[in-house]
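Scroll down for the structure; my scribbles are underneath it.
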Amino acid sequence: MSPTLVLIVFILVYFLLITEKWNRVLAAMAGGAVMLLIGAFPIEKALFTYIDWKTIALLFAMMFIVTMTSKTGIFEYLAVRMAQLVNGNGLALLVFFSLLAAAGSAFLANVTIAMLLVPILFKLTKLLDLPPIPYLIMTILACNIGGTATLIGDPPNMMIGQAVKHFTFNAFLENLLPVVSIVYVVTLLIMGAVYREHIHVKEDRKLLLKGVQAKDFLKKNNGLFQSISVLLMVLAGFSLYPMFHLDVTTVAIAGAVLLMLLLEKIYPPESILKEVEWGTLFFFIGLFLLVGGIEEAGFIDEAAREIIRATDGDMQKTSFAILWGTGILSAVVDNIPFVAAMIPVIQEFGEFGMVNMDPVWWSLALGACLGGNGTLLGSSSNLVIAGLAAKENVHIKFYQYLLIGVPITLISLAVSSVYVYFKYLRPFMGG
């Protein structure tokens with residue numbers, strides 16, 4: 001297998017995804033298939049190492065639960081209640097909705113929050129005759145920013161937490177919540193300024209909203225009680241992860257099966273299976289194989305080592321190189337394999353006599369999670385939101401997202417640099 005050939009395939013597929021010359025599911029699957037054909041890795045390695053079946057199974061189970069729950073009218077009900085709460089103000093809705101996405105993503109997988117919020121978002125924008133794109137993009141940004149704040153918010157944080165024993169749940173909150181809050185406020189101000197003119201609600205819509213009865217949307221005979229009960233049980237199971245260490249995917253699958261059993265008379269499993277977003281799932285499989293090819297060829301390990309090599313063991317240079325290097329690379333490749341490659345490299349660094357590696361670890365967490373906002377391919381939740389939007393015939397164009405995602409990511413990394421410098425490096429250097 002030639003590493004150059006792997007890189008060419010990778011770049012070519014990314015070009016097709018960015019320019020949208022091909023259907024994105026087809027482009028990703030074709031890329032994955034070519035990786036197998038050129039011998040980037042054997043099929044066993046593709047199936048058992050590189051395709052993250054846990055993520056695929058979690059997505060599938062949550063799609064199942066959300067599809068059944070959406071038939072009860074609960075999302076319409078919540079959309080109306082939210083709109084009435086802020087008197088149909090478009091800007092207030094942007095703040096309220098993004099706060100919900102950020103806070104939810106801190107304590108649940110941001111993919112789960114994306115799946116729960118996007119159906120509500122579409123009901124809201126239809127009700128108030130608002131363009132959905134500003135709200136979708138803000139939800140993507142808020143999910144990634146919120147997920148940065150806690151140990152369980154984003155997979156890279158879980159990996160770092162396992163590698164560094166004193167990085168507890170509270171340690172993540174104490175160290176990352178302040179900077180995440182600043183990044184969130186700055187992002188919200190930018191988004192508010194960019195889209196202010198677009199999210200103005202007409203007066204007739206506000207009047208119409210006052211007359212709407214939210215409870216009229218609830219369909220009690222469609223399994224409302226069962227759906228909400230199972231959904232709440234699943235969310236409770238997710239949030240109890242730090243106590244019971246019960247895997248989130250296990251909880252989601254158990255919830256999906258339980259809901260199927262409870263509602264089998266109303267919805268045959270076959271009919272729900274037809275509504276699952278299969279395109280998004282296969283897109284993920286293709287993407288995992290593409291990144292697997294790059295990983296197998298040694299590019300990810302090499303990038304990790306280059307970052308360390310360039311800094312000569314200087315704490316300040318190392319922290320900033322990891323923050324920016326990880327941030328930029330996480331926008332292009334999935335942050336999970338990159339963080340997996342970085343962890344042993346940073347641990348090696350500690351063996352070379354560097355004391356107090358905390359600034360480096362926090363830089364890695366901030367870069368990996370905030371970098372996910374750079375492109376539509378930067379994070380799982382970005383792809384899920386884009387997939388759910390496509391189902392509603394709303395297409396978030398790759399370049400359209402780039403125009404916002406790249407500046408926001410660069411500003412987030414700049415804010416994080418200032419924070420890392422004053423909180424860790426200056427005291428560490430005796431400044």
Side-chain angles (χ1 to χ4, degrees), residues 10-11 13-14 17-18 28 50 52 55 105 109-111 114 137 140-151 153-161 163 172 176 179-180 183-184 187 284 287-288 290-295 299-308 310 318-346 360-386 398 401-402 404-417 419-420:
F10 184 82
I11 292 167
V13 174
Y14 261 72
L17 290 170
I18 291 165
Y50 291 125
D52 185 353
T55 300
S105 295
N110 46 20
V111 164
I137 291 177
I140 289 175
L141 299 171
C143 281
N144 289 319
I145 293 167
T148 312
T150 65
L151 172 67
D154 222 357
N157 284 2
M158 291 187 201
M159 293 156 74
I160 294 165
F172 268 89
L176 298 186
V179 66
V180 164
V183 168
Y184 167 73
T187 303
F284 270 102
L287 216 52
F288 284 139
L290 265 182
V291 176
I294 285 286
E295 208 177 326
F299 288 109
I300 288 178
D301 281 341
E302 196 47 47
R305 289 184 194 286
E306 272 308 313
I307 288 173
I308 299 288
T318 305
S319 298
F320 288 151
I322 282 177
L323 175 66
W324 284 87
T326 308
I328 290 161
L329 283 161
S330 292
V332 184
V333 295
D334 190 22
N335 53 19
I336 297 170
F338 188 72
V339 170
M342 281 304 292
I343 287 171
V345 178
I346 294 174
V360 178
W361 288 116
W362 292 127
S363 297
L364 178 65
L366 286 165
C369 300
L370 294 174
N373 274 334
T375 70
L376 269 184
L377 304 172
S379 159
S380 307
S381 53
N382 304 13
L383 295 167
V384 167
I385 291 170
F398 198 95
Y401 180 82
L402 270 187
I404 287 169
V406 170
I408 294 280
T409 302
L410 295 175
I411 292 164
S412 304
L413 294 175
V415 169
S416 301
S417 301
Y419 180 80
V420 166

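Basis for what follows: all heavy atoms, side chains included, without hydrogens, waters or symmetry-related copies.
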Over all atoms of both residues, closest heavy-atom pair of Ser363 and Val420: OG-CG1, 3.7 Å
Stepwise, does the side chain to side chain contact (heavy atoms under 4.5 Å, CB included) test hold for Trp362 with Ile160? CA-CA 9 Å; Trp362 292 127; Ile160 294 165; 6.0 Å; no
Exercise: identify the closest heavy-atom pair between Ala365 and Asn157: CB-OD1, 3.6 Å
How long is the gap from CD1 on Ile140 to CD1 on Ile145, to the nearest 0.5 Å? 11.5 Å
Please name all residues satisfying side chain to side chain contact (heavy atoms under 4.5 Å, CB included) with Ile18, sequence neighbours left out, ordered by chain then number. Phe398
Validation: residues 323-333 side-chain donor-acceptor distances under 3.5 Å, sequence neighbours left out:
residue	atom	partner	partner atom	Å
Trp324	NE1	Ser417	OG	2.8
Thr326	OG1	Ile322	O	2.6
Ser330	OG	Thr326	O	2.8

Listed partners of Asp52 passing side chain to side chain contact (heavy atoms under 4.5 Å, CB included), at least two apart: Lys54, Thr55, Phe288
Pro156: which of Leu364, Thr148, Val339, Leu366 passes side chain to side chain contact (heavy atoms under 4.5 Å, CB included): Val339
Taking ring pair (Phe, Tyr, Trp, His ring centres under 6.0 Å) as the definition, give me every residue that meets it alongside Tyr419, ordered by chain and number, with sequence neighbours left out. none
Report the residues that fulfil side-chain hydrogen bond (donor to acceptor under 3.5 Å, both in side chains) with Glu306, sequence neighbours left out, ordered by chain and then residue number. Arg309
Under the rule for side-chain hydrogen bond (donor to acceptor under 3.5 Å, both in side chains), what residues qualify as partners of Thr375, not counting sequence neighbours? none
Distance-minimising heavy-atom pair for Ile343 and Trp361: O-CH2, 3.7 Å
At what distance, to the nearest 0.5 angstrom, does CG of Leu141 lie from OG of Ser412? 8.0 Å
Can you name the closest pair of heavy atoms from Ser381 and Asn144 and give their distance? OG-OD1, 3.5 Å
With Tyr50, which residues qualify under ring pair (Phe, Tyr, Trp, His ring centres under 6.0 Å), at least two apart? Phe41
Nearest heavy-atom approach of Ser416 to Leu370 is OG-CD1, 3.3 Å
Would you check if Leu376 and Leu17 make a side-chain contact, meaning some heavy-atom pair closer than 4.5 Å? no
For the student: nearest non-hydrogen atoms of Asn373 and Tyr401, plus distance: O-OH, 2.8 Å
Please round to the nearest 0.5 Å and tell me the distance separating atom CE of Met158 and atom OG1 of Thr150. 8.0 Å
Side-chain donor/acceptor of Asn110 to backbone N/O of Gly146, under 3.5 Å: no
Among residues at least two apart in sequence or on other chains, which ones pass side chain to side chain contact (heavy atoms under 4.5 Å, CB included) with Ala321? Ile307, Thr311
Audit row: Leu383, Leu377, side chain to side chain contact (heavy atoms under 4.5 Å, CB included) steps and yes/no: CA-CA 6 Å; Leu383 295 167; Leu377 304 172; 3.7 Å; yes
Distance (rounded to the nearest 0.5 Å) between Thr409 OG1 and Ile404 CD1: 11.5 Å
